[in-house]
Amino acid sequence: MKRDKSNIPEAFVHQVIERVKAEGSIPEEDLTVENIRGVLEHLKIMDVVQGKAGLLGSNAKDMGEHKFWETQPVPQPGEGPPLDDGYIEPSKPREEIRQEPYPLPKEFEWSVLDIGDPQQCKEVYDLLSANYVEDDQASFRFKYSAEFLKWALMPPGYHKEWHIGVRVVSSKKLVAFISGVPMTLHVRKNIITVTEINYLCVHKRLRSKRLAPVLIKEVTRQTHLKGIFQAIYTAGVIIPTPVSTCRYFHRSINVPKLLEVGFCFVPRNMTQARMIRLNAVPDTPTIPGVREMEVNDVLQTASLFTRYMRRFGLAPIFDVEEIKHYFLSGKGEGNIGDGGPGRRKGQVTWSFVVEDPETHQITDFFSFYSLPSTVIGNQKHPILEAAYLFYYATTVAFEPNAEEDGRLKARVKALITDAFAIAGAAKFDVFNALTLMDNANILQDLKFGPGDGFLNFYLYNWRTAPLAGMGPEGDVPAGKGVGIVML
Ligand SMILES: CC(C)(COP(=O)(O)OP(=O)(O)OC[C@H]1O[C@@H](n2cnc3c(N)ncnc32)[C@H](O)[C@@H]1OP(=O)(O)O)[C@@H](O)C(=O)NCCC(=O)NCCS
């Protein structure tokens with residue numbers, strides 16, 4: 001990520017590098033000026049956003065104008081952490097909610113999409129494949145598969161009214177999209193029902209015309225009509241006001257391809273051959289009793305998940321049906337191998353449990369999902385196959401002092417190493433994770449490197465103090481505030 005306009009002095013960046021080097025907590029090859037500057041920049045802007053500091057001396061104006069977001073029930077810049085958690089605006093009775101859709105410019109019309117209809121699902125897939133999130137250098141663009149979208153947008157209790165498209169009146173072409181799915185969230189001591197907002201996308205040719213605020217208002221209206229007044233969403237951009245920020249980390253698997261597509265580079269003091277050797281992943285998982293998750297494991301996995309996730313300030317609460325959906329319904333069709341090495345046809349998720357060989361209890365589980373990216377303009381390698389760490393849990397976390405004496409860390413490392421083996425067999429090029437849950441602690445040991453991307457977490461119409469993400473908050477270590485993985 002280029003940061004030419006940074007105003008953090010070079011000397012200061014070097015000072016930080018020396019300090020971190022002395023601590024030995026980050027591999028030396030990751031201690032580049034650019035990398036450290038990236039983190040400092042992001043931390044600084046986070047402080048400004050949260051009202052802890054001001055770039056120009058006056059906090060509230062630093063974030064610039066947000067003509068739309070300043071009208072919304074979200075914490076505004078400079079407010080600082082709230083005294084108590086709670087809503088910003090009270091819920092409204094149904095009759096007070098606007099009954100008609102928000103107006104669109106006259107050449108466009110609203111369209112509810114039926115994601116269960118392969119034709120309409122393909123329309124969303126086509127829109128996102130060409131217009132959704134790219135990295136800063138426009139080298140890679142997310143390419144969610146149609147199967148992925150169906151899995152992510154149709155969890156138990158989904159509402160088709162929350163899958164909102166905008167079409168051109170004359171051609172009926174889909175040119176914008178936004179979605180919500182229902183979710184129950186633990187936010188510190190409260191349990192709230194929210195909409196998880198995702199896949200906001202406006203066609204490249206229609207950008208900067210203030211269509212995004214209309215989409216956001218319309219999905220908000222539709223959620224209000226179903227009695228939901230809070231939402232959770234993430235974005236790479238900083239708007240008022242993140243509740244946490246996590247950083248993307250990447251673990252190389254297919255080093256030669258990653259080098260060829262410019263995803264990573266051979267660092268100084270390193271050769272390609274050595275890089276390949278260092279990043280080799282095991283051929284098979286090794287934890288005794290590890291196997292693919294099955295329907296019969298759902299009840300035990302659900303209770304393990306619930307208990308494990310209580311350890312984080314912000315985390316979803318899944319009932320049994322949701323566990324079944326999120327961990328089993330994306331496993332694809334047919335046999336492993338039908339969709340290429342290590343994969344079923346249309347496979348989106350990989351979910352594994354550890355069954356204690358003696359007691360037959362499920363002691364752990366882990367999962368990851370497939371989210372490829374288009375390598376923009378690359379004929380030889382048009383697709384980057386990326387696996388993303390999804391949820392995991394282990395009973396080791398409930399043993400006394402397991403965190404303090406490193407047993408939890410060792411177990412999570414073992415689980416994710418097994419995930420590498422499975423991802424390697426399925427020909428993923430890279431394994432990605434964010435600094436959330438218990439990840440921050442294990443990333444370095446497992447040879448993840450920091451990426452350019454940051455993910456900001458937002459709550460709509462709910463106040464709570466900042467949660468530990470890529471950095472600690474109060475006495476909560478990095479990561480451990482956030483226990484939700486957004487798709
Ligand atoms: C994100 C996207 C829909 C915004 O559309 P746009 O045409 O660039 O912006 P518009 O002129 O319609 O609207 C601008 C407003 O939307 C806000 N906005 C932009 N991106 C946003 C996001 N990801 N989430 C919430 N609000 C966002 C802006 O902050 C601005 O409001 P403000 O004046 O209060 O700050 C569009 O850039 C896009 O499709 N990008 C690629 C996909 C993507 O990044 N999606 C978001 C994933 S989180």
Side-chain angles (χ1 to χ4, degrees), residues 64-76 87-115 117 120-121 123-124 126-128 131-133 149 152-154 157-183 192-235 237-241 456 458-462 486:
E65 277 194 331
H66 288 287
K67 284 245 145 52
F68 170 62
W69 282 109
E70 71 191 20
T71 67
Q72 297 299 298
V74 293
Q76 296 297 324
Y87 59 75
I88 295 170
E89 232 171 53
S91 309
K92 285 188 193 147
R94 203 172 194 280
E95 58 277 13
E96 279 177 36
I97 295 156
R98 184 187 166 105
Q99 295 298 310
E100 57 297 333
Y102 284 93
L104 280 169
K106 65 176 185 323
E107 59 273 41
F108 302 116
E109 64 187 21
W110 293 111
S111 171
V112 168
L113 280 127
D114 177 359
I115 300 295
D117 169 18
Q120 296 182 50
C121 187
E123 286 184 276
V124 178
D126 287 337
L127 173 73
L128 297 183
N131 300 281
Y132 200 50
V133 178
L149 293 170
L153 291 174
M154 297 177 74
Y158 80 92
H159 304 289
K160 71 173 184 326
E161 295 81 2
W162 293 2
H163 302 155
I164 301 174
V166 172
R167 294 181 187 277
V168 175
V169 175
S170 56
S171 63
K172 303 295 173 217
K173 184 182 159 71
L174 185 71
V175 289
F177 185 71
I178 193 165
S179 70
V181 294
M183 162 165 284
I192 54 178
T193 314
V194 303
T195 316
E196 178 183 339
I197 300 290
N198 211 340
Y199 309 113
L200 166 62
C201 184
V202 168
H203 193 285
K204 287 188 174 197
R205 284 205 295 277
L206 298 173
R207 298 271 167 91
S208 304
K209 294 178 189 302
R210 312 300 298 180
L211 263 180
V214 190
L215 284 158
I216 295 166
K217 283 194 287 188
E218 184 58 15
V219 78
T220 305
R221 188 182 75 86
Q222 289 289 359
T223 62
H224 286 175
L225 286 171
K226 300 265 188 251
I228 307 297
F229 293 84
Q230 272 72 39
I232 182 165
Y233 48 107
T234 52
V237 294
I238 294 183
I239 45 178
T241 300
N456 299 293
Y458 299 94
L459 294 172
Y460 186 90
N461 197 18
W462 194 262
M486 300 270 295

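Please read all numbers here as calculations on a predicted model, not as lab measurements.
Arg210 meets the side-chain contact (heavy atoms from CB on, under 4.5 Å) test with Lys67, Phe68, Pro213; sequence neighbours excluded. Take Lys226 and apply the salt bridge (Lys or Arg N to Asp or Glu O under 4.0 Å) test, not counting sequence neighbours, and it matches Glu161. Residues passing the salt bridge (Lys or Arg N to Asp or Glu O under 4.0 Å) test with Lys209, sequence neighbours excluded: none. Annotation: ring pair (Phe, Tyr, Trp, His ring centres under 6.0 Å) contacts of Tyr458 (sequence neighbours excluded): Tyr233. Under the side-chain hydrogen bond (donor to acceptor under 3.5 Å, both in side chains) criterion, Gln72 pairs with Tyr460, not counting sequence neighbours. Checked against salt bridge (Lys or Arg N to Asp or Glu O under 4.0 Å), Glu70 has no partners two or more places apart in sequence or in another chain. Residues passing the side-chain hydrogen bond (donor to acceptor under 3.5 Å, both in side chains) test with Tyr199, sequence neighbours excluded: none. Asp117 meets the salt bridge (Lys or Arg N to Asp or Glu O under 4.0 Å) test with no other residue; sequence neighbours excluded. Considering only residues two or more places apart in sequence or on other chains, Trp462 meets the ring pair (Phe, Tyr, Trp, His ring centres under 6.0 Å) condition with none of them. In terms of the ring pair (Phe, Tyr, Trp, His ring centres under 6.0 Å) criterion, residue partners of His224 (sequence neighbours excluded) are, by chain and number, Phe229.
Listed by first then second residue, pairs satisfying salt bridge (Lys or Arg N to Asp or Glu O under 4.0 Å) with a partner in residues 211-220 read Glu218-Arg221, not counting sequence neighbours.
Two residues are said to be in side-chain contact when any heavy atoms from C-beta on lie closer than 4.5 Å; Gln230 and Thr193 fail this criterion. Here the side chains of Trp69 and Gln76 are not in contact, with every heavy-atom distance at 4.5 Å or above.
Shown here is Arg205, whose CZ atom has no more than 12 heavy atoms of other residues, nucleotides or ligands within 6.0 Å.
Side chain of Asn456 to main chain of Val237: a donor-acceptor pair is present (N/O by atom type, distance under 3.5 Å, no hydrogens or angles).
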Can I get a per-line list of side-chain donor-acceptor pairs under 3.5 Å for residues 107-114, giving both atom names and the distance, sequence neighbours left out?
residue : atom : partner : partner atom : Å
Glu109  : OE1  : Lys172  : NZ           : 3.4
Glu109  : OE2  : Lys172  : NZ           : 3.0
Trp110  : NE1  : Tyr102  : O            : 2.8
Ser111  : OG   : Arg167  : NE           : 2.8
Asp114  : OD1  : Gly116  : N            : 3.0

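The one candidate from Val169, Leu174, Val168 that meets the side-chain contact (heavy atoms from CB on, under 4.5 Å) condition with Ser171 is Val168.
Summarising the geometry, atom CD1 belonging to Ile228 is positioned 12.0 Å from atom CG belonging to Asn461; distances are rounded to the nearest 0.5 Å.
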